[in-house]
Visitor: 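One structure is given below, represented as C-alpha cells, and several questions about it will come after.
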Amino acid sequence: MPRHLLLPLLLVAAVGASGGDAGGERTYIVRVDADAKPSAFPTHAHWYESAVLAASGGGGGWPEGGPLIHTYSSALHGFSARMSPSAAAALAGARGVAAVLPERVRCLDTTRSPRFLGMLSSPPSAILADSDFGSDLVIAVIDTGISPAHRSFRDRGLGPVPPRWRGACASGPGFPPGSCNRKLVGARFFSAGYEATSGRMNETAEVRSPLDNDGHGTHTASIAAGRYVFPASTLGYARGVASGMAPKARLAAYKVCWAGGCFDSDILAAFDAAVADGVDVVSLSVGGAVVPYYLDAIAIGAFGATEAGIVVSASAGNGGPGGLSVTNVAPWMTTVGAGSMDRAFPANVRLGNGQVLDGVSVYGGPVLQSGKMYELVYAGATSYSASTCLDGSLDQAAVRGKIVVCDRGVNSRAAKGDVVHRAGAAGMVLANGAFDGEGLVADCHVLPATAVGAAAGEKLRKYIASSTPQKPATGTIVFEGTHLGVHPAPVVAAFSARGPNPQSPETLKPDLIAPGLNILAAWPSGVGPAGIPSDGRRTEFNILSGTSMACPHVSGLAALLKAAHPTWSPAAIKSALMTTAYTRDNSNGTMLDESTGKVADVFDFGAGHVDPMRAMDPGLVYDIAPADYVSFLCNLNYTGQNIRAITRRQADCRGARRAGHAGNLNYPSLSVTFVADGARAKMRTHFIRTVTNVGGGRSAYRATVRSPEGCNVTVRPDRLAFRRDGQKLSFTVHVEAAARARMEPGSSLVRSGALTWGDGRHAVVSPIVVTLQAPVQ
Ligand SMILES: *[C@@H]1O[C@H](CO)[C@@H](O)[C@H](O)[C@H]1NC(C)=O
Ligand SMILES: *[C@@H]1O[C@H](CO)[C@@H](O)[C@H](O)[C@H]1NC(C)=O
Ligand SMILES: *[C@@H]1O[C@H](CO)[C@@H](O)[C@H](O)[C@H]1NC(C)=O
Ligand SMILES: *[C@@H]1O[C@H](CO)[C@@H](O)[C@H](O)[C@H]1NC(C)=O
C-alpha cells in the first residue's frame with residue numbers, strides 16, 4: 001500500500017479515539033466554587049480549561065475549540081468537558097471543585113400514544129384563561145424544541161414582551177431569524193453534550209436549531225401556554241377550542257432532546273440559560289435517572305432555578321404502576337403524575353363466540369368492513385418476536401386480511417401497528433400482559449387497531465388457542481368514537497410513576513397528579529401523528545399520553561398562580577397546588593388506580609388531583625426558603641461535599657441535625673417511616689410545620705385530623721388565630737403508632753390519613769403517611 005494512503009487513515013483513527021469512547025473519555029459535569037477562581041485567570045473559562053488540561057496531564061486531542069462543552073454561570077457555576085475517568089478523579093480533588101458528575105442520558109416521559117381527533121379539550125382553566133393572568137410571565141419548556149408557526153403560538157392581541165426578558169431567539173435550519181414573536185419570546189438549542197458523546201447528528205433526520213423534529217416539545221408547550229385555537233379539528237373529526245392552561249403566558253423553548261436522548265450536560269445548559277434569561281417557570285417533561293440528589297444534574301439545575309425564584313415543574317415518569325418508580329423527586333421540584341379525564345374512546349373487540357372485550361382506540365382512518373367477522377391470529381406459539389410483532393417477524397401469508405393480536409413490549413405500540421400493516425393484515429389488537437395490568441392508552445395507529453387489558457388479552461389468546469382449521473377464531477373491532485362524561489374520573493393512569501420516594505421517603509412523591517391520558521395538543525406540520533417515519537399523515541393537533549403531558553398542565557397553572565401572587569415563592573405555589581388538590585372522583589369515591597380498578601393511595605396520587613380554581617385561593621401556604629433545603633440535606637446525612645454539589649452553600653449541619661429530622665422540612669405533606677421493631681410497642685415522632693396566612697387579614701383556623709388506621713395523631717396547638725396577611729404561625733403534629741404483632745420480615749404496611757386546617761372558607765389539606773417497616777431478620 002502506498003504510504004500517502006496510510007497516513008490520512010492513521011490521523012482519522014487518532015481523532016476518532018480522542019472523540020469517542022475508544023480513548024476511555026466521556027463527558028463530566030464539574031461544579032466549582034466560583035469565588036475560588038485564581039486571579040491569574042482572566043475568565044472562568046480560562047480557569048476551567050486549564051483545570052481540565054492539568055487533570056488530563058496536558059494530554060490533548062480535543063475537538064476544535066478545546067475541551068469545554070458548556071460553561072455554566074447562572075443556575076450553577078461550572079462546566080462540562082470530555083475527560084478520562086482518571087482525569088475526572090484528579091479534578092474532583094482539585095481546589096475549588098465542588099463536584100464532578102458523570103454525564104447521564106434522560107428520556108422523554110411520554111408513552112407515545114398519538115391520536116388525532118378533534119375538539120373535546122375543555123381545559124379546567126377556562127375561567128382563568130379569560131383573564132389577563134399570566135401574560136407577563138415566561139414559561140421555559142425544556143424539551144425537543146418547538147414548531148414556531150403553529151397557530152397555538154401566534155401573538156395577536158398580546159402586549160409587548162415583558163421588559164425583564166433577557167433571552168434570545170436562535171436561528172438555524174427550519175427556524176429562520178424572526179421565528180420568535182410576542183408569544184414565543186425565546187428559543188435556544190443545546191446539542192454540544194449530545195454530539196460530544198454520540199458524534200455529529202444526522203442532519204437529515206434532525207436539525208441544529210430550536211425546530212421541533214419530534215412533536216413532543218410542541219405538544220407540551222401548547223399544553224402549558226397554547227393560545228385559543230378555534231376550530232381545532234383534525235382529519236374532519238370534531239371541532240372545538242384547544243387551549244393551554246395559561247393561554248397568555250409567554251413561552252421560551254430550550255431544545256435539549258435529540259434522536260439519541262436528552263443529555264445532562266445540555267439539560268444543565270438549558271437551566272443555566274433559563275435562569276439568566278429571566279423565566280418564571282420551568283417545565284421539564286424529561287427524566288430517568290434514580291440517583292442521590294448530589295449526583296442528579298436535573299436536581300442540581302432545578303435547585304439553582306428554585307433559588308432564583310423559578311418554579312420547576314417536572315414529570316414523575318411513566319414507570320408505574322410498580323412502587324418506588326417515581327423520578328424527579330427532589331423536594332424543591334413539583335413532581336407531577338398523570339390521571340385520566342372524563343372522556344373515553346371505546347373500541348371494543350367482538351369475538352365469534354359472542355364475547356365482547358373492552359378496548360380503546362383513537363384510530364381515525366378507514367374502518368373494518370361493517371358486519372364482517374375477520375379471522376384472528378396470534379403468533380405467540382411461533383416465537384416471542386412474532387407475539388410482540390417485531391419488525392420482520394410476521395409471515396405475510398398467515399396474516400394477510402386478518403386481525404393480528406400483538407403483545408405489548410420491546411418495540412413501541414405505533415411500530416407494532418406499522419409492522420402488522422406492512423404485513424398486509426386488516427387490523428390489530430394490542431394486548432396487555434400480566435405485567436401491564438389493565439392500563440390502556442388510546443393510539444392513532446396506521447391501521448384499524450385497538451388496545452385491551454391483561455384479562456381481556458388472556459381471554460383472547462385462549463380463544464385463539466382453542467380454535468381449529470374447521471372452526472377458526474374470528475372477531476372484529478367496533479369503533480365507538482368519543483364518549484364524554486365518563487365515570488369514574490379521574491383515575492390514576494396505570495403508567496404514572498408511584499411512590500414512595502426512593503431518595504428521601506420523608507418527602508412524599510409524586511406531589512400531585514394532573515391530566516396526562518389522551519391529551520389533545522399542538523403538533524408540528526412536519527411529523528406524522530404516529531411519530532414513526534413511515535407515517536405520512538399530517539395533522540395540526542395530536543393526542544399523546546404520559547406524565548410528560550401532566551407536567552405542563554401544572555407548569556401553566558404555576559404561571560397563573562405567580563401572576564396572581566407575584567410575591568409567592570416556588571414552594572408557596574407548590575403548597576397552594578397541593579393543599580387544594582382533591583382525592584375524590586366524579587362518583588364521589590376515592591380516586592381509583594387504572595391498573596387494578598381498586599382504590600388508589602397517596603403513593604399513587606400524592607396530595608391528589610390538581611384543582612386550578614381552588615389553588616388560586618389556598619388560605620394558608622407551607623413556605624420553604626432555599627436555606628431550609630440545606631437543613632433537609634443535612635438531615636439526610638449528606639456530607640458537606642454532597643451538599644455543596646447541590647447548593648453552592650457551605651453547610652454547617654450541626655444545628656440542623658440537632659433540630660430534628662428530614663421530615664421537618666416545611667413540606668405540605670407529612671411522611672414518616674417507622675421500623676416496626678417488635679421490642680418497642682409504640683413508635684412516635686413529631687413534625688414541626690409553619691403556615692403563612694395568604695387568605696387576607698384576620699382568620700381563625702382549626703385543625704381536624706383523619707388519623708391513619710392504627711395511629712394516633714395530635715396537633716398542637718389545634719387552633720391558629722391570624723391577625724394579618726403574611727403572618728406565620730407554627731404547630732407540631734405528633735404521630736404515634738403501635739407495632740403490628742405479625743409482619744413478614746422485610747415487609748411494609750402503609751397507612752394514610754390527612755390533616756386539614758379550616759376557617760370555614762378554606763380547607764388546607766395535607767396527607768399524612770405512616771409506613772411501618774418490618775426489619776429484615
Ligand atoms: C440520516 O437520516 C435519514 C433520514 O432519517 C436516513 O435516511 C439516513 O440513512 C441517515 N443517515 C445516517 C448516516 O444514519
Ligand atoms: C361524598 O362522600 C363523602 C364520604 O363518603 C360524604 O361525606 C359526602 O357527603 C359525599 N358527598 C356527596 C355529594 O355525595
Ligand atoms: C442519619 O444518621 C443518624 C445518626 O447515625 C441516624 O439516627 C439517622 O437515622 C440517619 N438519617 C437518615 C435519613 O439516614
Ligand atoms: C391511641 O390512643 C388511645 C387512647 O389514648 C390509646 O388507647 C391507644 O393505645 C393509642 N394508640 C396508639 C397506636 O398509640
Visitor: State, yes or no, whether a side-chain contact exists between Tyr293 and Val329 at a heavy-atom distance under 4.5 Å.
Guide: yes

Visitor: Would Asp143 and Thr220 count as a side chain to side chain donor-acceptor pair (under 3.5 Å) if you check the C-alpha gap in whole Å, the side-chain angles of each, and the deciding distance to 0.1 Å?
Guide: CA-CA 8 Å; Asp143 210 299; Thr220 54; 3.0 Å; yes

Visitor: Can you list the steps and then say if Thr218 with Asp212 is a side chain to side chain donor-acceptor pair (under 3.5 Å)?
Guide: CA-CA 7 Å; Thr218 299; Asp212 183 6; 2.6 Å; yes

Visitor: With Asp407, which residues qualify under salt bridge (Lys or Arg N to Asp or Glu O under 4.0 Å), at least two apart?
Guide: Arg461

Visitor: For the atom pair SG (Cys257) and CG (Leu108), what is the distance rounded to the nearest 0.5 Å?
Guide: 4.5 Å

Visitor: Taking the side chain as every heavy atom from C-beta outward, state whether Phe345 and Ser361 have any pair of such atoms under 4.5 Å apart.
Guide: no

Visitor: Any side-chain heavy-atom pair from Cys406 and Val420 closer than 4.5 angstrom?
Guide: yes

Visitor: Tell me, please, which residues at least two apart from Cys551 pass disulfide (SG to SG under 2.5 Å).
Guide: none

Visitor: Does the Thr539 side chain pair with the main chain of Asn542, one donor and one acceptor, at a distance under 3.5 Å?
Guide: no

Visitor: What pairs meet the side-chain hydrogen bond (donor to acceptor under 3.5 Å, both in side chains) rule with one or both residues in residues 484-498, with sequence neighbours excluded?
Guide: Arg498-Asp593, Arg498-Asp604

Visitor: Do His483 and Arg343 have side chains that get closer than 4.5 Å, going by heavy atoms?
Guide: no

Visitor: Can you list every side-chain hydrogen bond (donor to acceptor under 3.5 Å, both in side chains) pair that touches residues 321-330, not counting sequence neighbours?
Guide: none

Visitor: What distance separates Lys509 NZ from Leu324 CG, expressed to the nearest 0.5 Å?
Guide: 15.0 Å

Visitor: What's the spacing between Asn213 CG and His216 NE2 if we round to 0.5 Å?
Guide: 14.5 Å

Visitor: Between Tyr582 and His609 (judged by ring centroids, cut-off 6.0 Å), do the two rings come close enough to count as a pair?
Guide: yes

Visitor: Does NZ or CZ of Lys459 fall inside the cone over Tyr463's six-membered ring, less than 6.0 Å from its centre and within 45° of the axis?
Guide: no

Visitor: Calculate, to the nearest 0.5 Å, the distance between atoms CE and NE2 belonging to Met549 and His219 respectively.
Guide: 5.5 Å

Visitor: Residues two or more places apart in sequence or in another chain: which of them pass salt bridge (Lys or Arg N to Asp or Glu O under 4.0 Å) with Arg422?
Guide: Asp391, Asp418

Visitor: Please work out which of the three classes, parallel, tilted or perpendicular, describes the rings of Phe479 and Tyr363, given edges at 30° and 60°.
Guide: tilted

Visitor: Rounded to the nearest 0.5 Å, what separates atom CZ in Arg413 from atom SG in Cys389?
Guide: 14.0 Å

Visitor: Side chain of Glu438, backbone of Ala455: donor and acceptor closer than 3.5 Å?
Guide: yes

Visitor: Using the side-chain contact (heavy atoms from CB on, under 4.5 Å) definition, which of the options Leu544, Leu430, Thr450 pairs with Asp443?
Guide: Leu430

Visitor: Answer whether the closest heavy-atom distance between the side chains of His553 and Ile519 falls below 4.5 Å.
Guide: yes

Visitor: State the CG-CG distance between Leu577 and Asp611, to the nearest 0.5 angstrom.
Guide: 10.0 Å

Visitor: Applying salt bridge (Lys or Arg N to Asp or Glu O under 4.0 Å), run through Arg106 and Asp296 and close with a yes or a no.
Guide: CA-CA 11 Å; Arg106 312 295 184 120; Asp296 183 345; 2.8 Å; yes

Visitor: What residue pairs, at least two apart or across chains, pass side-chain hydrogen bond (donor to acceptor under 3.5 Å, both in side chains) with a residue in residues 464-479?
Guide: none

Visitor: Starting from the C-alpha separation in whole Å, work towards a yes-or-no answer on side chain to side chain donor-acceptor pair (under 3.5 Å) for Ser393 and Ser385.
Guide: CA-CA 6 Å; Ser393 69; Ser385 63; 4.7 Å; no

